[in-house]
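What you see is a predicted model; the values in this text were computed from it and never measured.
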Amino acid sequence: MGHGGDVIAELTTDHREVDELFKQFEDAPPGGEDRRRLVDALTIELVRHSVAEEEYLYPAVREHLEEGDALAEKELADHARVEQLLNDLQQREADDLDFDRLVLKLRTEVTAHVDDEENHLFAQLRTHVHPYVLEELGNKIRQAKKLAPTRPHPGAPSTPPANKLLAPGLGMVDRVRDYVSGRGK
């Protein structure tokens, strides 16, 4: 899918890509290597997306929206639940008894989060934030995703400035591990 545009267009494109990966997971045979590969792809996309939102979107939400602190905290709590599920999935093989159950739980969490962002948060951003700021946020999000980790790090900070300092280093380590293991290909 094409990336670009303001932060809302960029993140919505990410959401559709994740939806497609979940659909592919459903179509793959249970317990098979395709399911493991698809969960790895989901993990990479969801972690990169979350880290970029935590670095740039949620600080902007805090700054520009009424009750922005509460909105950002709710989104961060959603991310923490998703990251824990991703971490749990990384510890399991595709033929483990609870692998599919965890993916279903992950899909439920992600779908609820996406629905909330697209139907509430994005509408508020569109109404209350200047288009130039939204465009700049889109650029920052795209840049952050290039350097972001590709594996869950539940203990890592999710708010600035610590997350902006640690994410590129974790991302580099993750990408080396992915390259050596062949993960995400």
Side-chain angles (χ1 to χ4, degrees), residues 1-23 41-83 85-86 106-175 178 184:
M1 291 185 178
H3 284 270
D6 69 16
V7 67
I8 295 168
E10 179 69 21
L11 297 176
T12 300
T13 298
D14 286 355
H15 294 165
R16 296 298 79 78
E17 289 174 352
V18 167
D19 289 344
E20 180 58 31
L21 288 169
F22 278 122
K23 287 177 189 154
L42 273 163
T43 300
I44 290 166
E45 290 308 312
L46 287 169
V47 169
R48 290 171 59 239
H49 178 91
S50 295
V51 166
E53 284 185 335
E54 290 166 5
E55 287 182 7
Y56 294 103
L57 179 65
Y58 301 143
V61 166
R62 291 179 192 279
E63 180 182 347
H64 295 285
L65 299 183
E66 189 173 316
E67 298 183 30
D69 286 336
L71 288 168
E73 290 302 319
K74 185 232 177 273
E75 302 297 330
L76 289 169
D78 290 353
H79 282 202
R81 287 191 305 278
V82 166
E83 190 163 20
L85 286 166
L86 292 171
L106 174 67
R107 187 173 194 173
T108 301
E109 285 286 341
V110 169
T111 299
H113 178 74
V114 165
D115 181 65
D116 184 52
E117 276 190 347
E118 290 184 0
N119 294 310
H120 300 101
L121 183 62
F122 291 175
Q124 289 184 51
L125 289 169
R126 186 74 67 209
T127 301
H128 298 290
V129 180
H130 192 279
Y132 175 80
V133 173
L134 296 176
E135 191 69 36
E136 285 302 305
L137 284 171
N139 292 333
K140 289 177 181 178
I141 292 281
R142 279 185 289 284
Q143 213 41 45
K145 287 191 299 186
K146 291 177 185 176
L147 302 174
T150 62
R151 297 170 185 258
H153 297 278
S158 60
T159 56
N163 66 342
K164 287 184 181 182
L165 294 172
L166 292 177
L170 290 172
M172 183 176 70
V173 170
D174 286 354
R175 284 187 296 285
D178 292 345

Quick one: do Asp6 and Arg126 make a salt bridge, cutoff under 4.0 Å?
yes
Can you tell if the side chain of Leu106 reaches within under 4.5 Å of the side chain of Leu46, non-hydrogen atoms only?
yes
Just checking Glu118: does its CD atom have more than 12 heavy atoms from other residues, nucleotides or ligands closer to it than 6.0 angstrom?
yes
Under the side-chain contact (heavy atoms from CB on, under 4.5 Å) criterion, do Glu17 and Asp14 qualify, and how do the steps go?
CA-CA 5 Å; Glu17 289 174 352; Asp14 286 355; 4.1 Å; yes
Are Thr111 and Phe22 side-chain neighbours, meaning at least one heavy-atom pair lies under 4.5 Å?
no
Distance-minimising heavy-atom pair for Ala52 and Ile141:
O-CD1, 3.2 Å
Which atom of Asn119 lies closest to which atom of Ala123, heavy atoms considered
O-CB, 4.3 Å
Side chains of Thr150 and Thr43 in contact at under 4.5 Å (non-hydrogen atoms)
no
Would you say Leu57 and Leu121 make side-chain contact, with heavy atoms under 4.5 Å?
yes
For the residue pair Glu53 and His49, confirm or rule out a side-chain donor-acceptor distance under 3.5 Å.
yes
Straight-line distance of Leu71 CG to Leu76 CG, nearest 0.5 Å
11.0 Å
Side-chain touch Glu109/Leu85, heavy atoms, less than 4.5 angstrom
yes
Between Glu117 and Phe122 (side chain of the first, backbone of the second, donor and acceptor by atom type, cut-off under 3.5 Å), is there such a pair?
no
For Ala60 and Leu137 the tightest heavy-atom approach is CB-CD1, 3.6 Å
Consider side-chain contact (heavy atoms from CB on, under 4.5 Å). Of Glu83, His113, His79, which one does Ser50 pass it with?
His79
To the nearest 0.5 Å, atom NE2 of His128 lies from atom CD of Glu66 at 7.5 Å
Where do Tyr56 and Ala144 come nearest, in terms of heavy atoms and distance?
CE1-CB, 3.8 Å
Separation between OH of Tyr58 and CG of Asp69, rounded to the nearest 0.5 Å:
14.0 Å
Electrostatic pair Glu73:Arg62 at N-O distance under 4.0 angstrom
yes
Answer whether the closest heavy-atom distance between the side chains of Val129 and Glu63 falls below 4.5 Å.
no
With distance as the sole test, does Arg142 use its side chain to make a donor-acceptor pair with the main-chain N or O of Gly5 at under 3.5 Å?
yes
Short question: side chain of Arg48, backbone of Ala148 - any donor-acceptor pair under 3.5 Å?
no
Short N-O contact, Asp78 and Lys74, less than 4.0 angstrom:
yes
Is the ring centre of His130 less than 6.0 Å from the ring centre of His64?
no
Nearest 0.5 Å, please: how far is NE2 in His15 from CG in Asp115?
10.5 Å
